[in-house]
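The structure appears below as structure tokens.
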Amino acid sequence: YSPAYSSYEANEHFASGHTMQSPVPGTIAQGTQPFHFEATPVDAIRAGEELVNPFDRSTEAGIASIERGKVVFQYFCTACHGGDGTGNGPVAKRGFPPPPSLLTGKTLAMKGGQLLHILTFGQISMPNFAAQLPPDRRWDVINYIRQLQQQAKPQAENQPTLETTKT
């Protein structure tokens with residue numbers, strides 16, 4: 001019988017002295033893709049230009065992505081952004097500065113790759129989610145956010161403006 005070692009236990013059988021070994025340099029873990037961007041505003045914009053959403057929201061796979069994204073959004077994002085994405089989550093209601101609405105302004109104009117960069121590295125007071133969410137789940141969240149934006153757009157267009165209220 002060979003002795004069992006726990007992951008973080010010392011191990012004299014390896015040159016490093018550790019049971020858990022580092023990956024071989026230059027290898028990529030199965031099921032992952034390299035993310036060649038830094039946590040900078042310039043690279044966020046570059047990510048927006050270079051990265052393309054792998055899901056077409058009009059297909060069956062895209063619809064499934066939106067449904068997965070809804071679940072992930074509810075779990076990770078509603079505390080700050082609220083269930084509707086307007087930035088009215090419970091954290092913001094208890095004194096923490098509210099995040100911007102995901103339905104208007106800069107977020108609406110951002111490309112998907114830029115949103116993926118933000119989910120990967122975080123931004124301002126938003127933490128990064130790279131460790132919790134693999135890239136496909138981050139794209140699912142983006143697809144769900146786009147769905148929320150699309151649903152909110154007709155409502156925003158039907159809101160009375162200053163010109164329509166003057167009579």
Side-chain angles (χ1 to χ4, degrees), residues 6-8 20 29 31-58 61-167:
S6 66
S7 299
Y8 296 99
M20 186 166 47
T32 63
Q33 297 176 352
F35 195 71
H36 301 292
F37 300 95
E38 299 295 322
T40 65
V42 171
D43 269 10
I45 293 169
R46 185 170 67 90
E49 297 298 325
E50 294 179 12
L51 298 177
V52 177
N53 191 333
F55 299 101
D56 178 353
R57 293 190 322 266
S58 65
I63 293 167
S65 172
I66 293 168
E67 291 302 315
R68 285 189 307 269
K70 179 178 182 178
V71 172
V72 175
F73 184 90
Q74 290 171 341
Y75 188 79
F76 287 100
C77 309
T78 56
C80 296
H81 290 283
D84 60 358
T86 58
N88 64 350
V91 172
K93 289 179 180 175
R94 288 184 174 80
F96 195 79
S101 172
L102 299 173
L103 309 180
T104 60
K106 291 192 313 185
T107 307
L108 190 59
M110 285 182 187
K111 294 184 178 179
Q114 190 171 357
L115 292 173
L116 183 77
H117 185 276
I118 292 169
L119 283 168
T120 302
F121 291 114
Q123 177 176 286
I124 307 172
S125 59
M126 180 177 153
N128 71 66
F129 288 100
Q132 292 91 344
L133 300 172
D136 281 355
R137 293 302 75 84
R138 285 178 252 158
W139 281 116
D140 293 343
V141 170
I142 293 164
N143 288 332
Y144 179 67
I145 290 169
R146 295 299 193 214
Q147 173 92 3
L148 288 175
Q149 291 170 340
Q150 189 175 15
Q151 289 171 345
K153 192 173 188 177
Q155 293 172 1
E157 290 171 354
N158 292 333
Q159 295 296 320
T161 62
L162 186 58
E163 289 76 30
T164 58
T165 56
K166 287 184 187 177
T167 50

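- Of all heavy-atom pairs between Lys111 and Arg146, the closest is C-NH2, 3.5 Å.
- Applying the ring-ring contact (aromatic ring centres under 6.0 Å, His included) rule to pairs touching residues 74-113 yields Phe76-Phe129, sequence neighbours excluded.
- In this structure, Ile118 and Met110 have side chains that are in contact, with non-hydrogen atoms separated by less than 4.5 Å.
- Between Ala92 and Gly87 the shortest heavy-atom distance is CB-O, 3.6 Å.
- Between the CG atom of Asp140 and the CG atom of Asn53 there is a distance of 9.0 Å, given to the nearest 0.5 Å.
- Minimum interatomic distance between Asp56 and Ser58 (heavy atoms only, all atoms of both residues): OD1-OG, 2.8 Å.
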Inset, instruction - Apply the test side-chain contact (heavy atoms from CB on, under 4.5 Å) to residues Tyr144 and Val72: give CA-CA distance (whole Å), side-chain angles for both, the deciding distance (0.1 Å), then the verdict. - result: CA-CA 9 Å; Tyr144 179 67; Val72 175; over 6 Å; no
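- Across Gly82 and Asn88, no two heavy atoms sit closer than the pair CA-OD1, 3.5 Å.
- Using modelled atom types, one side-chain atom of Arg138 and one backbone atom of Leu133 make a donor-acceptor pair closer than 3.5 Å.
- Heavy atoms from other residues, nucleotides or ligands lying under 6.0 Å from CD of Gln132 number more than 12.
- Side-chain contact between Met126 and Leu119 is present, with heavy atoms from C-beta onward closer than 4.5 Å.
- Between Leu116 and Pro135, the shortest heavy-atom distance links the atoms CD1-O, 4.1 Å.
- With sequence neighbours excluded, the residues satisfying ring pair (Phe, Tyr, Trp, His ring centres under 6.0 Å) with Phe121 are Phe35, His117.
- Summarising the geometry, atom CD belonging to Gln147 is positioned 10.5 Å from atom OG belonging to Ser65; distances are rounded to the nearest 0.5 Å.
- When Asp84, Thr86, Leu103, Leu102 are each tested for a side chain to side chain contact (heavy atoms under 4.5 Å, CB included) with Leu148, only one passes: Leu103.
- Note that the NZ atom of Lys70 and the CD1 atom of Ile66 stand 11.0 Å from one another [nearest 0.5 Å].
- The two residues Leu51 and Gly113 have their closest heavy-atom pair at CB-CA, 3.8 Å.
- With Asn143 contributing its side chain and Trp139 its backbone, the two residues share a donor-acceptor pair below 3.5 Å.
- A distance of 10.0 Å separates CD of Glu50 from NE2 of His36, quoted to the nearest 0.5 Å.
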